[in-house]
Amino acid sequence: MDELTKRLVAALGSRRPANHGLQGPGPEVYAKAMAAYWTEMATNPGKLIERQVGYWGEALKHAVQAQAALTSGTPAAPNDEQPKDRRFSNPMWSEHPYYNFLKQQYQISANAIRDTVQSLEGLEGNDKRRVEFFSQQIVDLFSPTNFLATNPEAMQRAVETEGDSLVRGLENLVRDIEANQGDWLVTLSDPDAFQVGGNIATTEGSVVFRNRMFELIQYAPTTDKVHSVPIVLFPPWINKYYILDLKPQNSLVKWIVDQGYTLFVVSWVNPDESHADVTLGDYVEQGFLTAIEEAKKITDQTQVNAIGYCIGGTTLSATLALMARRGDKSVKSATFFTTLADFEDPGEMGVFLDDDFIDGIEREGRTRGYLDKFFMGRTFSYLRSNDLVYGPAIKSYMLGEAPPAFDLLYWNGDGTNLPGPMVTEYLRRLCIGNELATTGFDLLGEKGLTLADVKVPLCDIACETDHIAHWRGAWSTWDKFGAKDKTFILSQSGHIAGIVNPPSKKKYGHYVNDADTATADDWFAGAEFHEGSWWPRWEEWLRPRSGRKVDARQPGDDDHPVLIAAPGTYVLPEGHALQQA
């Protein structure tokens with residue numbers, strides 16, 4: 001224990017010095033909330049008093065029931081009509097009178113706080129959404145499951161193991177703090193269970209081009225004939241591409257190749273100090289435009305079909321608008337996965353799209369030249385804090401369990417850094433300013449680019465429960481494109497599971513509607529549901545836009561020799577160092 005204590009103190013002492021600007025919303029958010037509360041108290045005191053009386057009445061009623069149950073001679077939990085919550089799935093939360101009392105009192109208090117915040121009338125728009133979100137963060141933090149003395153499963157485990165579970169938990173905590181330069185970020189998956197290029201990201205292919213921004217992977221054919229028009233897939237540059245190539249049975253990369261397509265995938269570099277000058281324009285010029293041009297050269301084609309995933313799709317939208325303005329017809333069709341380019345309603349992500357957060361990101365970018373992956377990883381985790389923060393922390397630190405061997409969570413923790421100028425420009429101009437959907441976006445010398453400039457045939461796939469790119473925002477983006485030939489598909493499930501949804505699983509269905517509707521809700525009301533994955537439906541859409549069949553192409557050509565086998569070097573933790581060497 002003494003050695004663990006020394007390691008913990010040393011790890012906390014090594015905390016990165018520049019992260020103070022990224023700790024949370026500015027104080028004006030809470031000031032607005034308090035002003036709204038006191039205004040409502042002054043103008044409509046009866047409403048708030050009624051809520052207070054209701055809260056105290058429910059809490060007191062439950063306390064009386066618990067007292068009666070405890071003094072009945074056969075102690076039992078009182079009547080429990082609270083909604084089901086998987087945080088309290090352990091039977092002791094229902095059966096043990098003490099723990100059931102704690103659970104019900106917490107839920108009663110949590111409901112009272114939520115109802116009070118949601119009913120405040122002096123807050124509107126994003127201010128209201130932010131107050132609700134950060135209030136819920138506080139409510140989730142104080143759940144009795146998060147504290148050793150009020151977590152029956154953790155207490156029971158400690159007794160059964162004679163405290164060994166708590167020692168293992170402390171070891172896990174020290175490991176996580178050491179791994180994150182003195183900050184805390186819980187490890188979600190066993191870091192030793194997977195190897196990129198070993199048991200994940202194993203589809204056969206080769207790196208056929210490399211510059212300072214990306215490696216271009218061309219995948220080996222699995223059919224004798226392929227469509228003449230190649231596909232170039234742009235993943236988000238905030239994550240690594242292999243979410244689309246985890247295992248053969250759920251790999252979209254392998255499935256596309258197996259359907260008879262020549263597939264190129266961009267593997268973005270993990271930026272460091274040498275990328276301190278990189279702007280969004282550099283990602284477009286040295287990334288998107290270059291990848292399209294190199295794929296055309298290798299396949300001897302004049303056009304490609306492009307795919308953009310998440311913010312890779314957002315930047316693809318800007319690239320297509322730029323190409324349209326320049327008269328460049330290199331893209332025959334475009335497909336978007338879970339893409340927002342209209343940020344009028346950014347959904348849950350909107351709570352972070354304000355000057356207090358962006359100012360902190362800008363300061364961090366100026367100090368180091370890039371935004372460390374730690375910050376974005378933590379930000380996205382708190383959008384689902386019970387699943388991605390507190391739940392894993394309880395298992396790791398209180399129960400002393402090792403992280404599970406889960407490929408999706410392994411990928412989730414394998415993030416990338418972001419160049420300072422690029423991320424600030426992206427957030428301020430495309431997200432907060434919403435320039436691409438409204439006033440126009442200036443890019444590489446072209447002024448006032450908008451979604452209406454994009455007229456290539458396009459297919460947009462959104463996900464029903466997506467918490468990052470909510471589907472109504474994706475529909476609004478799709479609706480603002482200038483293309484006449486465009487299709488919208490809504491997959492069941494969320495940001496990842498809705499996309500990584502192979503037909504063989506027969507797990508999630510999808511919705512389609514060809515009618516011209518005024519709103520996303522109108523579209524959904526008239527949509528037809530289909531069982532199974534959207535992948536085959538999209539391939540049917542893509543096929544007639546992919547040209548005739550030609551002999552299958554092996555990766556590279558005389559001017560593009562194979563540099564290294566897929567998955568390449570940039571996707572690896574030491575990838576940039578290998579490239580520089």
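For the single chain, residues carry numbers from 1 onward in sequence order.
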> Just how far is it from atom CD1 of I292 to atom OG of S330, taken to the nearest 0.5 Å?
Replying inline: 7.0 Å

> What about the rings of Y283 and F288, do their centers lie closer together than 6.0 Å?
Replying inline: no

> Are D514 and K486 ion-paired here, with the side-chain N under 4.0 Å from a carboxylate O?
Replying inline: no

> Any cation-pi pair here, R537 with W541, using under 6.0 Å and within 45°?
Replying inline: no

>> Are F209 and F214 an aromatic pair, judged by ring center distance below 6.0 Å?
In response: yes

>> Could you check whether T477 and D460, counting side-chain N and O atoms only, form a donor-acceptor pair closer than 3.5 Å?
In response: no

>> On a heavy-atom basis, which atom in A193 and which in N199 lie closest, and how many Å separate them?
In response: O-ND2, 3.0 Å

> Stepwise, does the salt bridge (charged side-chain N to carboxylate O under 4.0 Å, His left out) test hold for D245 with K254?
Replying inline: CA-CA 7 Å; D245 189 31; K254 184 179 187 305; over 6 Å; no

> Do V232 and N305 have side-chain heavy atoms sitting under 4.5 Å apart?
Replying inline: no

>> Restricting to non-hydrogen atoms, name the atom on H275 and the atom on R212 that form the minimum distance, rounded to 0.1 Å.
In response: NE2-O, 3.1 Å

>> Ignoring hydrogens and geometry beyond distance, is a side-chain donor-acceptor pair present between K247 and S251 at under 3.5 Å?
In response: no

>> Determine whether L388 and F380 satisfy the following criterion, side chain to side chain contact (heavy atoms under 4.5 Å, CB included), listing intermediate values before the conclusion.
In response: CA-CA 9 Å; L388 297 177; F380 282 107; over 6 Å; no

>> Less than 3.5 Å apart, any donor N or O on the side chain of S274 or D272 sitting next to an acceptor on the other?
In response: yes

> G308 and T339: which non-hydrogen atoms are nearest, and at how many Å?
Replying inline: O-OG1, 3.6 Å

> Are the ring centres of W471 and F524 closer than 6.0 Å?
Replying inline: yes

> Hey, is the main chain of V351 close enough, under 3.5 Å, to the side chain of R130 for a donor-acceptor pair?
Replying inline: yes

> Less than 4.0 Å between a side-chain N and a carboxylate O, is that true for R428 and D359?
Replying inline: yes

>> Working note: R86 + D387, criterion salt bridge (charged side-chain N to carboxylate O under 4.0 Å, His left out); need CA distance, chi angles, decisive distance, verdict.
In response: CA-CA 10 Å; R86 60 184 177 182; D387 294 332; 2.7 Å; yes

> Y570 and W268: aromatic ring centres closer than 6.0 Å?
Replying inline: no

> Would the W237 and Y426 ring centres measure less than 6.0 Å apart?
Replying inline: yes

>> Using a strict threshold of under 4.0 Å (side-chain N to carboxylate O), is an ion pair present between R129 and D345?
In response: yes

>> Checking side-chain contact (heavy atoms from CB on, under 4.5 Å) between P236 and each of I243, T314, I311, which is the one that passes?
In response: I311

> Are the side chain of N270 and the backbone of N417 linked by a donor-acceptor contact shorter than 3.5 Å?
Replying inline: yes

>> Taking side-chain hydrogen bond (donor to acceptor under 3.5 Å, both in side chains) as the cut-off, I'd like each qualifying pair that reaches into residues 438-459, sequence neighbours left out, listed once.
In response: R325-D453

>> Give me the atom names and distance for the closest heavy-atom approach of E348 to L383.
In response: O-CD2, 3.8 Å

> Y261: what forms a ring-ring contact (aromatic ring centres under 6.0 Å, His included) with it, not counting sequence neighbours?
Replying inline: H227

>> Quick check: F481 with F336 (ring centres under 6.0 Å apart)?
In response: yes

> In terms of side-chain heavy atoms, does Q492 have a donor or acceptor partner in H510 at a distance below 3.5 Å?
Replying inline: no

> Thinking salt bridges, do K297 and E293 make one under a 4.0 Å N-O criterion?
Replying inline: no

> Distance-only, no hydrogens or angles: does the T223 side chain make a donor-acceptor pair with backbone N or O of V226 under 3.5 Å?
Replying inline: no

